[in-house]
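Here the structure is laid out as structure tokens; the discussion comes afterwards.
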Amino acid sequence: MAPREPDDEPSGIHCRLDELLAERGMTLTQLSEAVGVSIVNLSVLKNDRAKAIRFSTLVAICDALQCSPGDVLVRS
């Protein structure tokens with residue numbers, strides 16, 4: 001078995017996009033259209049596989065979901 005790379009380690013940050021979208025009755029496709037970010041990139045973020053997020057993307061997500069960054073990203 002190969003040793004795990006540092007990039008494979010959990011970040012300790014959880015993205016709450018699933019919960020926020022469900023609360024607002026919005027789909028990932030609708031969010032993608034609203035923020036101008038591909039569904040694939042939002043899916044990576046939603047599934048806690050993202051290594052980073054641009055502040056401009058986070059702001060756009062927060063504007064579309066009418067929330068704050070702390071609602072989207074939480075310490076796990």
Side-chain angles (χ1 to χ4, degrees):
M1 179 179 220
R4 290 181 69 174
E5 294 294 320
D7 286 346
D8 292 340
E9 294 295 321
S11 66
I13 301 294
H14 170 63
C15 181
R16 295 188 61 247
L17 270 183
D18 266 345
E19 296 97 326
L20 294 170
L21 289 170
E23 289 171 7
R24 287 153 178 79
M26 183 183 273
T27 66
L28 199 61
T29 301
Q30 291 169 323
L31 181 62
S32 172
E33 292 168 357
V35 299
V37 174
S38 73
I39 294 172
V40 171
N41 286 340
L42 288 176
S43 181
V44 167
L45 182 62
K46 179 179 76 81
N47 293 309
D48 292 330
R49 293 190 319 261
K51 303 285 186 229
I53 183 171
R54 291 182 183 193
F55 287 148
S56 58
T57 300
L58 184 56
V59 168
I61 290 170
C62 289
D63 287 347
L65 297 177
Q66 298 180 357
C67 65
S68 67
D71 296 324
V72 178
L73 301 173
V74 296
R75 182 100 189 240
S76 57

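Remember, predicted model here, so these are calculated numbers, not experimental data.
Contact annotation: the side chain of Asp48 never approaches that of Ile13 to less than 4.5 Å [non-hydrogen atoms, C-beta and beyond]. The shortest side-chain heavy-atom distance between Cys67 and Arg24 falls under the 4.5 Å cut-off. With a 4.5 Å cut-off on side-chain heavy atoms, Val40 and Ser43 do not count as touching.
A search for salt bridge (Lys or Arg N to Asp or Glu O under 4.0 Å) contacts involving Glu19 returns nothing, not counting sequence neighbours. Remark: Asp71 engages no residue in a salt bridge (Lys or Arg N to Asp or Glu O under 4.0 Å) (not counting sequence neighbours). In this structure, the side-chain contact (heavy atoms from CB on, under 4.5 Å) partners of Val74, at least two apart in sequence or on a different chain, are His14, Arg16.
Panel note: side chain Glu33, backbone Gln30; no donor-acceptor pair is recorded below 3.5 Å. With hydrogens and angles disregarded, no donor-acceptor distance shorter than 3.5 Å links the side chain of Asp18 to the backbone of Lys46.
The two residues Ala60 and Val35 have their closest heavy-atom pair at O-CG1, 3.3 Å.
Atom CG of Leu45 is separated from atom CD1 of Ile61 by 5.5 Å, given to the nearest 0.5 angstrom. Within the model, atoms SG of Cys15 and CD1 of Ile53 stand 7.0 Å from one another, a figure rounded to the nearest 0.5 Å. Remark: Asn47 CG to Leu17 CG distance equals 9.5 Å, nearest 0.5 Å. To the nearest 0.5 Å, atom CG of residue Leu73 and atom SG of residue Cys62 are 8.0 Å apart. To the nearest 0.5 Å, atom CG of residue Leu21 and atom CG of residue Leu65 are 5.5 Å apart.
More than 12 non-hydrogen atoms from other residues, nucleotides or ligands lie less than 6.0 angstrom from CZ of Arg49.
Taken together through direct or relayed side-chain contacts under 4.5 Å among Ile, Leu, Val, Met, Phe, Trp and Tyr, Leu42 and Val44 form parts of separate hydrophobic clusters.
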